Amino acid sequence: MVIFFFVNKVIFPGARPNRCDACILRHSPFPIIFLHHSSPSASKPPGTGSVPGGLSSFWGIFRVGRTVFWKMRRSCSKTLALLCFTVVKSRQSSFGKEKSKGKVSMTNVCIVATIVVYLAAMLAVGFAYSKSNEDSTDFYLGGRKMGPLVTAMSAEASDMSSWLLMGMPGLAYLTGIASPGWTAIGLAVGTWLNWLIVARRLRRYSANLDAITVPQFLSLRFHDQRNLLNALGAVIIIVFFVPYTASGFAACGKLFHSLFGVDYMAAMLVSALIIVGYTILGGFRAVTTTDLIQSIVMSMALVAVLVYGISVAGGWGAVVENAQGISGYLTMMASHDAATGGSTSYSLLDIVSTMAWGLGYFGMPHILLRFMAIEDEKKLVLSRRIATVWVVIAMTASIIIGMVGLGMTKAGALEFLSGSSSETIIVRIASLISAHGILAAVLAGLILAGILAATMSTADSQMLAAASSVSQNILQEFAHLKLTEKQSLFAARLTIVCVSVVGVVLARDPNSSVFGIVSFAWAGFGGSYGAVVLCALFWKRCNWQGALAGMLSGGLMVFVWKYLISPLGGVFGIYELLPAFLTSLAICVVVSLVTPAPTADIVAEFEAAK
C-alpha cells in the first residue's frame, strides 16, 4: 500500500485514503495489485500461474514481470485518464487569475484535449506494432528494414531531446547567442560527419557480424571471447542513459507544473508511464515511427512560437535592437551575464570546448542504432541530407526563440525568467497564445505536445538501447544465460521499467537544469564510445585491449574532469567531453600498439566491411 498512498498524496490531494485507494485499485495504470497475490484467478492473465514466494530465481521474477506487463498493456489508456484528472484537479493555473473562470476552464480543456490526443496517438502506434516483434532483431533494430526518411528523422528526433525546446532557448535567453551558437555549430558539423563517415561503414560491418547492439558490435569486431567489451559497454550505457532519461522526465514535469500548476512529481510519473508504455509494446518500429511523428510536431511548435513571439515583441527589428543593446548578447565572441548585466569574453579555448559537443555523435548508442537499422545503405545519402538540413533549421530556430523571448520581456509581455525557469520560455509563450480563443488554445496544446515530443523521442530511444544492453549484452552474452526469444524480450522490457524508475528518482528535483543533465550524459557517451567506435571502424591495428582501455579511460575522465579538474577554473574549465574524447583516443592507440596485433581473421572481416 506504500505506492497507493504515494499516488494519493501526489495526484489526489485532500482525498480520503480509503476512497482514493479504492479508486486506484479500479483504475490505476500501475501494475501493483499483483504484488499482493490477492486477486482472484479470473483476473490474472492466462498462463501466469502462481508466483514463487520470495522470488529467489530469475524465473520467478520473469513470471511476476509477465503479469505486470499484462496489467500495463491492458491499462495504458487509463494513464491518459489519470493525466486529465490530474490537470483538472490542479489548484493553480498560470494562465492568469484575471480571466474569468469559464474562459480559463475552456482554455485548459482545449489544451489538455490536444495533448491527450497526441499521447493517445503515440500509444496507438505502440499497440499497432506490438504484434510485429517476433525476435530480438525486430525489437531492437526493426528487422533492419527502416527507410531513409524514417531513419533520418528518427535519428535526429532522438538526438534533439528536451533541450532543443527547453534547454537551448533558455540558455540563449540568459547568455546570448555565443554559447548556444557554437554548440549548434559543433552539433551540425558532428551530425554531418557522423552520417558521412560512420553510418555506411557501421551498417555494413554490423550486418556482416550480425550485431544488433553497439556493445555487441565491438565485442564481435574484436573477437572478445570473454565478452568484456559487451559488459563494460552495457554498464556505460546504463550509467549515462539513466540521467539522460531523467532529463526528459524533468522536462515533462516542468511543462505541466509551470502551465497548469500540476504537482511536478505527478506530471513526471504519468509522462514516464506513457513513454514506457509504447516503448515496451512496440519496440524499435514503434520508437522510430513515433520519432518521425514527433519531429514533425517539434517543427510545427518551433514555427508557431517564432511567428507569435516576434509579433508580440514588436517585430524582428525590435528583437534585434533589444539584443544589440545588451552587453555581450548578440556576438559570437562574448557571453552575457544576466546577474551583473555585463559580459565575459569567449576565448578560442571556449569555442573549441563548446564545439566539442559534435564529438559526442560518434558515441551515441541510440543514434548509431539507426545507422545499423536502415534497410539499404545506398539510401544513407538521402538520410544524411534530410538529417543535416533539419538539425540546422531546428537549432537555429531554437536559439532565435531565446532572443525573441528576451524581446517579449522587454515589451512587457513576459516577466524576466531567471535560472532554470528560463527553460520554460516556450511554455510561457504557449500560455499567451492560448488566451486568444479556442483555436489558439489548440495551437498552444500542439506547441506543448512538441515539448513532449522532444522529450519522448529521446527517452524512448535511450530506454530501448539500455534494454538491449541488459538483455543481450549482460544476461545472454556476458552471463551466458540461455534465454528464449520471449524471455529475452521480457528482460528488455523489464529493464525499460527499471531505468524509468531510477530516472524518475533522479529527476525528482524540479530545479534541476535540463541542459546541464543532458550535457553531462552527452559527454559520457562521447568520451566512452566516440573514439573507440572510430578506431573500430577505420583502424585495422586496433585490438580489444585498446578498445577496452579506451572506453574505460574515457568514461572515467568525464567524472574526473567534471568534478575534480573543471572546478579549478581557468583553462581547466572546459567541457569535459573534449578531454575525455582525447584521453580515450590516446589510450586506445597506445594500448593497441603495445599489445598483440589482431589475428588474420579479424583483419579479413575488417577488409570485407570497407
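In what follows, residues are counted from 1 in the order of the sequence shown. Predicted model only: the values in this text are computed from it and were never measured.
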Criterion side-chain contact (heavy atoms from CB on, under 4.5 Å) on Leu202 and Phe217, from CA distance to verdict: CA-CA 9 Å; Leu202 181 59; Phe217 163 72; 3.9 Å; yes
Pair Phe362 + Phe538: ring centers closer than 6.0 Å: no
Determine, using ring centers only, whether Phe559 and Phe520 are less than 6.0 Å apart. yes
Which is it for Thr191 and Arg384 under the side-chain contact (heavy atoms from CB on, under 4.5 Å) test, yes or no, and what are the steps along the way? CA-CA 8 Å; Thr191 298; Arg384 181 178 74 240; over 6 Å; no
So how far is it from [X] [atom1] to [Y] [atom2], rounded to the nearest 0.5 Å?
X      : Y      : atom1 : atom2 : value
Ile197 : Leu534 : CD1   : CG    : 6.0 Å
Met364 : Leu359 : CE    : CG    : 10.0 Å
Leu537 : Leu218 : CG    : CG    : 8.5 Å
Lys540 : Ile602 : NZ    : CD1   : 13.0 Å
Leu577 : Ser528 : CG    : OG    : 10.0 Å
Leu548 : Asp224 : CG    : CG    : 7.5 Å

Using only atom types and a distance under 3.5 Å, with no angle test, would you say the side chain of [X] pairs donor to acceptor with the backbone of [Y]?
X      : Y      : result
Trp561 : Phe572 : yes
Asn230 : Asn227 : no
Thr424 : Val427 : no
Thr396 : Val392 : yes
Asn543 : Gly546 : yes
Thr595 : Val591 : yes
Thr331 : Gly328 : no
Asp337 : Gly341 : no
Ser353 : Leu349 : no
Ser592 : Val589 : no

Please give me the minimum heavy-atom distance between [X] and [Y], naming the atom from each residue.
X      : Y      : answer
Gly190 : Tyr361 : C-CD1, 3.6 Å
Trp544 : Arg226 : CH2-NH2, 3.0 Å
Ser553 : Ser584 : OG-CA, 3.8 Å
Val504 : Met268 : O-CE, 3.5 Å
Ser179 : Thr354 : O-CG2, 3.5 Å
Cys542 : Cys588 : SG-SG, 3.7 Å

Could you go through Met333 and Ile351, starting from their C-alpha distance and side-chain angles, then the distance that decides it, and tell me whether this counts as side-chain contact (heavy atoms from CB on, under 4.5 Å)? CA-CA 9 Å; Met333 301 307 297; Ile351 294 173; 4.0 Å; yes
Crowded around [X] [atom1]? As in, over 12 foreign heavy atoms under 6.0 Å?
X      : atom1 : value
Arg541 : CZ    : yes
Trp192 : CH2   : no
Phe478 : CZ    : no
Phe416 : CZ    : yes

Show your reasoning for whether side-chain contact (heavy atoms from CB on, under 4.5 Å) applies to Leu585 and Cys535. CA-CA 8 Å; Leu585 178 62; Cys535 288; 3.8 Å; yes
How about [X] and [Y]: do any of their side-chain heavy atoms sit closer than 4.5 Å?
X      : Y      : value
Leu432 : Leu414 : yes
Ser566 : Ile574 : no
Ile401 : Tyr173 : no
Ile177 : Trp182 : no
Trp522 : Leu187 : yes
Trp390 : Ser299 : yes
Ser335 : Ser343 : no
Pro596 : Gln545 : yes

Should the ring pair Tyr329 and His336 be called parallel, tilted or perpendicular, given that the plane angle runs from 0 to 90° and is split at 30 and 60? perpendicular
Name the orientation class of the two ring planes belonging to Tyr575 and Trp357 (parallel below 30°, tilted from 30 to 60°, perpendicular beyond 60°). parallel
Tell me whether the NZ or CZ atom of Arg201 lies within the 45° cone about the ring axis of Phe606 and under 6.0 Å from its centre. yes
Does the pair Glu605/Arg221 count as a salt bridge with the N-to-O cut at 4.0 Å? no
